[in-house]
Amino acid sequence: MGFIFMKSRFVRYGVPFLALVVGGSFGLREFAQLRYDFRSGKRLTKEEAKEQGIEMKDQREVTLETEFEKIKTIDTGSWENVRGPRPWEEGNRLYEEALQRSGKMAKKDSEMVKN
């Protein structure tokens, strides 16, 4: 009797599908709830931000017009596209410092001496 029951298409395909749909809805509810939990979070006041080292401007001080005036003063007509150095290129100080910290520079130098 149990073997015939397990051969049923509903048991093989329908029950797992229904379990996935019902279980998925409960799981999705938990993830969606995070959105609302963090949205209702408390906002920082100007004094609290200053204690944490963040300098906030007054809301009346930052408007679309004031930001537009700042952008108007920037010379956007004459600029030059300068490519930054790649890590593997010579003369890249940050890359060389990283190699020295990792000890690979010493290995590289010893290999060059051998050749």
Side-chain angles (χ1 to χ4, degrees):
M1 174 75 179
F3 183 69
I4 294 172
F5 182 70
M6 292 301 289
K7 286 183 91 175
S8 168
R9 289 185 70 150
F10 177 74
V11 172
R12 284 181 43 203
Y13 300 111
V15 171
F17 176 73
L18 289 175
L20 183 69
V21 169
V22 172
S25 68
F26 285 108
L28 188 60
R29 184 189 69 196
E30 293 299 320
F31 284 113
Q33 186 62 39
L34 287 174
R35 172 186 191 189
Y36 299 111
D37 290 344
F38 285 104
R39 180 177 285 177
S40 63
K42 186 181 120 186
R43 297 188 184 242
L44 285 177
T45 63
K46 196 171 187 178
E47 292 78 26
E48 292 171 341
K50 192 163 211 119
E51 289 174 7
Q52 295 179 5
I54 302 169
E55 188 165 335
M56 291 176 61
K57 294 182 179 180
D58 190 25
Q59 285 185 344
R60 290 167 285 187
E61 185 180 326
V62 181
T63 62
L64 188 61
E65 289 79 16
T66 58
E67 295 302 312
F68 179 68
E69 293 299 324
K70 289 178 189 175
I71 291 173
K72 277 188 357 184
T73 60
I74 299 171
D75 183 23
T76 59
S78 60
W79 62 277
E80 185 178 332
N81 188 12
V82 179
R83 184 177 74 93
R86 303 299 190 262
W88 54 86
E89 292 177 342
E90 288 186 26
N92 188 345
R93 183 177 46 85
L94 294 174
Y95 180 65
E96 290 170 0
E97 288 175 5
L99 283 177
Q100 287 175 352
R101 280 193 304 265
S102 66
K104 292 181 181 178
M105 185 64 100
K107 292 178 187 176
K108 184 178 176 183
D109 290 341
S110 65
E111 289 174 9
M112 293 178 85
V113 171
K114 290 179 185 177
N115 292 334

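Starting from 1, each residue takes its place in the sequence as its number.
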Side chain to side chain contact (heavy atoms under 4.5 Å, CB included) for F26 and R29? Distances and angles first, verdict last. CA-CA 5 Å; F26 285 108; R29 184 189 69 196; 3.9 Å; yes
Is the shortest heavy-atom distance from the side chain of E67 to the side chain of V62 under 4.5 Å? yes
Would one find more than 12 heavy atoms of other residues, nucleotides or ligands at under 6.0 Å from atom CD of E69? yes
D75: side chain to side chain contact (heavy atoms under 4.5 Å, CB included) partners, not counting sequence neighbours: S78
Tell me the closest heavy-atom pair linking K57 and K70, and the distance in Å. NZ-NZ, 3.3 Å
K50 with E47: basic N within carboxylate O range, under 4.0 Å: no
Any side-chain heavy atom of F10 sitting closer than 4.5 Å to one from L18? yes
Taken in chain and number order and not counting sequence neighbours, the residues that satisfy side chain to side chain contact (heavy atoms under 4.5 Å, CB included) with V21 are F17
Would you give the length of the straight line joining atom CE of M56 to atom CD of E48, rounded to the nearest 0.5 angstrom? 9.5 Å
